[in-house]
Engineer: 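Sharing a structure here in C-alpha cells format.
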Amino acid sequence: MEGLERIDPWRLRVPRRDPMRVEPWIYADERIRVEEDSVRQLQDAAAVEGVWRVLATPDIHVGYGVPVGSVVATSGCVLPSAVGYDINCGMRLLATPLARREVDVERLARDLRREVPLGEGKANVRVSPGGLEAILDRGVAGLSEAAGADHAAWRERDPREEAADRECMEDGGSMAGDHRQVSPRGRERGAAQLATLGGGNHFIEFQEVEAVLDTAVAGRFGLAAGQLLVMMHTGSRGLGHQVGTDYMGLASGGARGADRRLGVLSLDCPEGRSYVGAMNAAANFAFANRQLLTVLVRAVLRRHLGRDLPVPLVYDVPHNMAKRERHEGREVWVHRKGATRAWPARLMAGTRFADCGQPVLIPGSMGTASYILVGTEASAESLHSVNHGAGRVMSRSQAAGGRHGRRRRRGAGEGRPAAISDEAFREAMRGVLLLAGDRAAVKEEAPQAYKDIDAVVHVVCEAGLARAVARLRPVAVLKG
DNA sequence: ATGTGC
C-alpha cells in the first residue's frame, strides 16, 4: 500500500507525520492484504494522547475506531475502543485422550447443539443478582459463590476440576472486576446469558490434531497427532457489549482528534478507573461463560465416551483486553484488540507453563485450520503479542451479498466484489460438518471472507514472535 | 462483536 515502508520481509512501517506521536508498524509480508482504511485507523490511534506504542498483527482489518488485530500501549490512560465491544472475547481449547477416528464426532456435535444456544440474543443459565455480582467481581473464582442456578451447566460443575482448570487460564480466569461499574442495563443483559455462544465468528469446534510441529512443546501441552480436541471462541455477550457501549460513549466526550471514537479515559479520573473495573468485570463474565460451556461440553463427551473421561483444559486466552503490564522498564496499559498475549517461559514463572511458555490458541476461519503456538523471548518487540485469527478480507454484507444474502442492491452496490456463491461456500466447507443456528447468516463467516490462516501464522512465526506447536483440522463446527 | 440500521 502507498505510504507504507517495508522494513524487512515481515515488517512494514507506517511513517510518522503530524499529528502522530509514535510510528506504528505492521507484521505483514507480500501475501498479506492490508486495507488502506485500517492503516488510517493505526495513524489515528498513533495520535491519541498518552500513546506509547502502536503495532498491528497480520490479521489486521478495520474495526470500530481502532483496527482489529492491533496492539496499542498507553500510559496514564485507557482507550476503550482499543479493546472493542466484545471484551475478553477469547479462545479455549479442551483435550480428549481419544483419537478422532475412534469417535463418532457427528453424534457428539449434534448432541452438544441441543445443550448450547447458538446465535445472538439467546439465553441459557440465569443467575441471581448476587450471583452475577460474584462472577463479575471474581470470574471463575466467583462461580462457587453464585449458587442457586438451576441448570445442568451449574449442577455438573466439579470443584476440583474447576480448580485445575483455573491453572490453565490467563489470569486464572479471574480479574479484579467491580460489578458496581457495570450499568444496570449491562447487568440485565448478562443475567441470563451465561453458557451461550453468541453469533458472528464465535464457534465451538471439534478438531483433530493434523500435524505436530514442535514435539516437545506439544507434549507439554498434552497434544499428539490424531487426537480429538474441542475448541471454543466466545466472549462476554451482551453484558460486555453494553460495557463497551457505555464507556466508549463516556470517552468520546473528551476525544480530541478527528475520530470521536478514539476517546481516552485518564486513570487520574474516576471514569478511567471505573472503566478498568467494568472491563475486568466483563472479562470475568466471559471467563465464566467459557467455563460453563466447558461443563456442557464435558457432560456430552462423558455421556457418549465414558463417565470418567478426562477432558483437561489446555488453555484459555483472551484476545480483546487491556492490561497493565511492564514493558521496557515501564508500566503501560497494553490494549490488545484482536491480538493474543504470547508469553515466553520466563514470564510464566510460578505457573505450570514455566518451562515452556504460554499456549497461544489461534483459530482459522470456519472450515480452515487452527494453530497452537507458543510465545518467544523475541516477542518482546510486539509487547509479547501475536495475531488472534485470520482476519477478515470481506465485510459480512459483502460475503453474504447483503444482510444474510437477502438484500441484493443495484446501483450503489455495483462494482464491489461479488458475494460468495452457495456452490463456492459448500466447496470450501467440504469435509466439515456444519451445525449453524442461522443458515443464512453463516455465509458471512465463509472461509473466502477471511485471510489465509497459514499465511498469517507464517508471518508471526517468521518474524520470531511465536513458534508453531501444532496445526489442527476442523471436523465439526457449531456456529451462531 | 451486538435484544443488529437511517
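Per chain, numbering begins at 1; letters A, B, ... match sequence-line order.
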Engineer: Which residue pairs satisfy the ring-ring contact (aromatic ring centres under 6.0 Å, His included) criterion with at least one member in residues 177-210 of chain A, sequence neighbours excluded?
Structural biologist: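 Every pair satisfying ring-ring contact (aromatic ring centres under 6.0 Å, His included) with a residue in residues 177-210 of chain A: A/His202-A/His233, A/Phe203-A/His233.
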
Engineer: For A/Glu188, report the nucleic acid contact type (base, sugar-phosphate, nothing); a contact means any heavy atom under 4.0 Å.
Structural biologist: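 The answer is nothing, as A/Glu188 stays clear of every strand by at least 4.0 Å.
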
Engineer: What residues, two or more places apart in sequence or in another chain, satisfy salt bridge (Lys or Arg N to Asp or Glu O under 4.0 Å) together with A/Arg110?
Structural biologist: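 If we apply the salt bridge (Lys or Arg N to Asp or Glu O under 4.0 Å) test to A/Arg110, skipping adjacent residues, the hits are A/Glu106.
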
Engineer: Remember a base hit wins even if backbone is also touched, and classify A/Gly235 as base, sugar-phosphate or nothing at under 4.0 Å, heavy atoms.
Structural biologist: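 No contact.
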
Engineer: Using whole Å, what does the distance between atom P of nucleotide B/dT4 and atom OH of A/Tyr64 come to?
Structural biologist: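 Going from OH in A/Tyr64 over to P in B/dT4 covers 16 Å.
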
Engineer: Checking all strands, does A/Gly200 fall into the base, sugar-phosphate, or nothing category for heavy-atom contacts under 4.0 angstrom?
Structural biologist: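 Sugar-phosphate contact only - A/Gly200 comes under 4.0 Å of backbone atoms but never of a base.
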
Engineer: How many Å lie between NE2 on A/His233 and P on B/dT2, as a whole number?
Structural biologist: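 Between P of B/dT2 and NE2 of A/His233: 10 Å.
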
Engineer: Rounded to whole Å, how long is the line connecting atom NE2 of A/His202 with atom C1' of B/dT4?
Structural biologist: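 It is 14 Å, rounded to the nearest whole Å.
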
Engineer: Checking A/Lys451 side chain against A/Pro58 main chain: does a donor-acceptor pair fall under 3.5 Å?
Structural biologist: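 Indeed, once roles are kept as given, a pair shorter than 3.5 Å links the two residues.
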
Engineer: Under 4.0 Å, heavy atoms only, any strand: does A/Gly63 hit a base, just the sugar-phosphate, or nothing?
Structural biologist: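 No contact.
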
Engineer: In whole angstroms, how far is the P atom of B/dT4 from the NE2 atom of A/His241?
Structural biologist: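 Those two atoms, NE2 and P, are 9 Å apart.
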
Engineer: What is the distance from CZ of A/Phe285 to P of B/dT2, rounded to the nearest Å?
Structural biologist: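 It works out to 11 Å between those atoms.
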
Engineer: Looking at B/dT2, does its base get a donor-acceptor pair with the side chain of A/Glu120 below 3.5 Å?
Structural biologist: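 No such pair is found, so the answer is no.
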
Engineer: A/Asn289 CG to B/dT2 C1': how many Å, rounded?
Structural biologist: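 Whole-Å distance recorded here is 14 Å.
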
Engineer: Give the rounded distance in Å between these two atoms: CD1 of A/Ile87 and C1' of B/dT2.
Structural biologist: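 Going from A/Ile87 (CD1) to B/dT2 (C1'), I get 12 Å.
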
Engineer: Taking atom C1' of B/dT4 as reference, at what distance in whole Å does atom CG of A/Asp438 sit?
Structural biologist: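 In whole Å, B/dT4 C1' and A/Asp438 CG are 12 Å from each other.
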
Engineer: Kindly indicate, with the supporting measurements, whether the criterion ring pair (Phe, Tyr, Trp, His ring centres under 6.0 Å) is fulfilled by A/Trp10 and A/His458.
Structural biologist: CA-CA 9 Å; A/Trp10 320 110; A/His458 182 70; 5.5 Å; yes

